[in-house]
Amino acid sequence: MKSDVSDLPGEYSYYFNLLQETFGQMNDVPRVDEEEEKHGVKTKGLKEILTSLLLIEEQEKSEKIEWDKQQEEDKMMIEANHKKKTKAMLDFRSECQEYDDVIDESSRVRKRKSRAATNAAVASVVVAGDLQSNSNQKTSVAAGAAVTTAGPQRRLWVKSRSKDWWDKCNSPEFPEDEFRKAFRMGKDTFELICNELTSVVAKENTMLRDAVPVRQRVAVCIWRLATGEPLRLVSRRFGLGISTCHKLVLEVCSAIKNVLMPKYLQWPDDDSIRTIKNEFSSISGIPNVVGSMYTTHIPIIAPKISVAAYFNKRHTERNQKTSYSITVQGVVDPRGIFTDVCIGWPGSMPDDQVLEKSALHQRANGGLLKDVWIVGSSGYPLMDWVLVPYTQPHLTWTQHAFNEKIGEIQRVAKDAFARLKGRWSCLQKRTEVKLQDLPVVLGACCVLHNICEMRNEEVFPELMIELMDDEMMPEIGLRSSMAMKTRDSIAHNLLHHNHAGTSFLS
């Protein structure tokens, strides 16, 4: 059997010659055709190697072809999706344009019909005037004016809502007790507030709709503050839209803050201060007290910014529920009427820091609270103008007696805040009002509280609540050595002049 390189395919021949050159067998070894049998085994091995190499090369080619095919399919799929999305966007745009064209055409048709109706009405008036006799000319002119006035007016469609509940409350026959239970005040007090705010909150009727009356505007706000009802329920009760009720609440609260606060919530003048000193002295025997101070917390929904600042750790630990709040610091006179408020600082701040941020502290630094006391709880520091109880352990009888009298003054402020929260239930729950609008609403509650207290509007017993405001001891409880000596002197005089009670001995 004769074997020759020429019998191999072209690719085999190339690799065969390449292997022969590599192993130096091109010149030293006889040709295959001369010694076929001698080198048959070697040729067979070379063919097997060449076959393997060709198979590897063919496999690489097939894998490359498959990869290119896959890439092409992915590219075609991406292009198809892109074309599909582009077509959908173009179709949506064309639909919007068609919709706008339809609206524009409808608007033009309405305008043409309106002009045609107006022209027809004017023409009918003119024709009627020509047919009238000269003796009835004035009557014709009046009739023409009436027709023109009675022509088509532009009105805005308003959803029909029932106002039966408010119409019933607003009627003169509505019982006084039920009105007081609903709005936390009598009809006379409600009328006073409406008269005070009329110039600010009253609106005029327009071609689009009739304005909401002043009494209904004020009633929406007061009902919302008194009950804390969700706006959707307030909307149904008064027959108004939800957004309208929300707007009315903010508008009336802002009017109360701007119009009524300067009149009904202000620091007392010199004559009033003398009266307040005498009343507090008769309560406790402590001289020169012009106010009782307390700080409470109002729950809020977790704010979107500065969440940690509004986190109330003490309420969270006590209620086992995450709580956020803002603070309301207030000073009251012996009747429980607010003479100063500081509203809106985050709930994580202790009472002493809230005091430092308040206008009351600035007033004291300006020398306006010289030689007078404002009584506070143990959450405040002892200062030249802030009188607080003793807090160290193992108190003496004199210190116990002093703390008892301080507690009587402090109870005036705490009871005032209890009536405030009981009268205006919106302060007891997390409200829908935005954080930036909340100080205005809380200020309005304080003003309305003062008006009710001045007019002896009682709070129903079932509305009263127990305040749960945990006190935090200030980091620096003593900030005036002179105040410490003065407090010791006051405590000594209370005990030795028989002003101190003896309940601490029991």
Practice task
Output yes when a side-chain donor or acceptor of Ser282 lies under 3.5 Å from a complementary backbone atom of Glu279, and no otherwise.
Solution key: yes
Problem - Closest non-hydrogen atom pair, Ala416 against Gly336 - result: CB-O, 3.6 Å
Handout entry: Test item: Ser358 and Trp345 side chains (from C-beta on) under 4.5 Å apart, heavy atoms
Key = no
Problem - Side-chain donor-acceptor contact under 3.5 Å, Thr296 with Lys421 - result: yes
Problem - Phe338 ring center near Tyr294 ring center (under 6.0 Å) - result: no
Exercise for the section: Starting from the C-alpha separation in whole Å, work towards a yes-or-no answer on side-chain hydrogen bond (donor to acceptor under 3.5 Å, both in side chains) for Ser325 and Asn312. Expected result: CA-CA 6 Å; Ser325 65; Asn312 193 319; 3.0 Å; yes
Problem - Residues Arg455, Asp188: salt bridge by 4.0 Å N-O rule - result: no
Handout entry: Close side-chain approach of Ser254 to Leu250, heavy-atom, < 4.5 Å
Key = no
Practice task
Tell me whether the guanidinium CZ or amine NZ of Arg237 lies under 6.0 angstrom from the six-membered ring centre of Trp166 and within 45° of its axis.
Solution key: no
Exercise for the section: May I ask you to check whether over 12 heavy atoms, not counting those of Lys414, lie within 6.0 Å of atom NZ? Expected result: no
Exercise for the section: Tell me, with the steps shown, if Arg423 and Leu225 meet side-chain contact (heavy atoms from CB on, under 4.5 Å). Expected result: CA-CA 9 Å; Arg423 181 178 277 125; Leu225 299 180; over 6 Å; no
Exercise for the section: Would you please classify the geometry between the Trp385 ring and the His361 ring as parallel, tilted or perpendicular, with 30° and 60° separating the classes? Expected result: perpendicular
Exercise for the section: Report, as yes or no, whether the 6.0 Å neighbourhood of atom CD on Glu462 holds more than 12 heavy atoms from other residues, nucleotides or ligands. Expected result: yes
Exercise for the section: Would you check if there is a donor-acceptor pair between the side chains of Asp333 and Thr339 at a distance under 3.5 Å? Expected result: no
Practice task
Spell out, as yes or no, whether a donor-acceptor pair under 3.5 Å connects the side chain of Trp424 to the backbone of Cys445.
Solution key: yes
Practice task
Please report the shortest heavy-atom distance between Gly239 and Lys163, naming the atom on each side.
Solution key: O-CE, 3.6 Å
Practice task
Indicate whether any N or O donor in one side chain lies under 3.5 Å from an N or O acceptor in the other, for Asp269 and Ser272.
Solution key: yes
Practice task
Side-chain contact test, heavy atoms from C-beta onward, threshold under 4.5 Å: evaluate it for Tyr324 versus Thr316 and give yes or no.
Solution key: no
Problem - Heavy-atom check, side chain of Val289 versus side chain of Val372, under 4.5 Å - result: no
Practice task
Decide if the gap between the ring center of Phe190 and the ring center of Phe179 is smaller than 6.0 angstrom.
Solution key: yes
Practice task
Taking the side chain as every heavy atom from C-beta outward, state whether Arg180 and Met185 have any pair of such atoms under 4.5 Å apart.
Solution key: no
Fill in the blank from the handout: Closest heavy-atom pair, Gly443 versus Met261, reported as atoms and distance to 0.1 Å, is O-CE, 3.8 Å
Problem - Note, Leu369 side chain near Leu360 side chain (heavy atom, < 4.5 Å) - result: yes
Exercise for the section: Would you tell me whether Thr189 and Glu457 have side-chain atoms, one donor and one acceptor, within less than 3.5 Å of each other? Expected result: yes
Problem - Candidate pair Thr295 and Tyr380, rule side-chain hydrogen bond (donor to acceptor under 3.5 Å, both in side chains), full reasoning - result: CA-CA 10 Å; Thr295 300; Tyr380 300 100; 2.5 Å; yes
Handout entry: Student check: side-chain heavy atoms of Ile273 and Lys277 closer than 4.5 Å
Key = yes
Handout entry: Donor-acceptor contact present, side-chain Ser348 to main-chain Ala309, <3.5 Å
Key = yes
Exercise for the section: Could you tell me whether the side chain of Ile465 reaches within less than 4.5 Å of the side chain of Gln428, counting heavy atoms only? Expected result: yes
Practice task
Identify the heavy atoms of Gln329 and Asp351 that sit nearest to each other, and give their distance.
Solution key: OE1-O, 4.5 Å
Practice task
Check the pair Arg419 / Glu453 against salt bridge (charged side-chain N to carboxylate O under 4.0 Å, His left out), numbers first and verdict last.
Solution key: CA-CA 10 Å; Arg419 293 196 299 275; Glu453 293 291 319; 3.1 Å; yes
Practice task
Would you sort out whether Lys405 and Glu408 count as a salt bridge (charged side-chain N to carboxylate O under 4.0 Å, His left out), showing the intermediate values?
Solution key: CA-CA 5 Å; Lys405 290 301 180 181; Glu408 293 178 0; 3.6 Å; yes
Handout entry: Expected output: side-chain Arg318 to main-chain Met468 donor-acceptor under 3.5 Å
Key = yes
Handout entry: Exam field: side chain Arg487 to backbone Leu387, donor-acceptor pair closer than 3.5 Å
Key = no
Handout entry: Enclosure of Lys247 NZ (heavy-atom neighbours >12, cutoff 6.0 Å)
Key = no
Practice task
Report yes or no: does His297 contribute a side-chain atom to a donor-acceptor pair with the main-chain N or O of Val328 at less than 3.5 Å?
Solution key: no
Exercise for the section: Before giving the answer on salt bridge (charged side-chain N to carboxylate O under 4.0 Å, His left out), spell out for Lys263 and Glu196 the whole-Å C-alpha distance, their side-chain angles and the decisive distance to 0.1 Å. Expected result: CA-CA 11 Å; Lys263 183 176 181 180; Glu196 295 272 8; 2.9 Å; yes
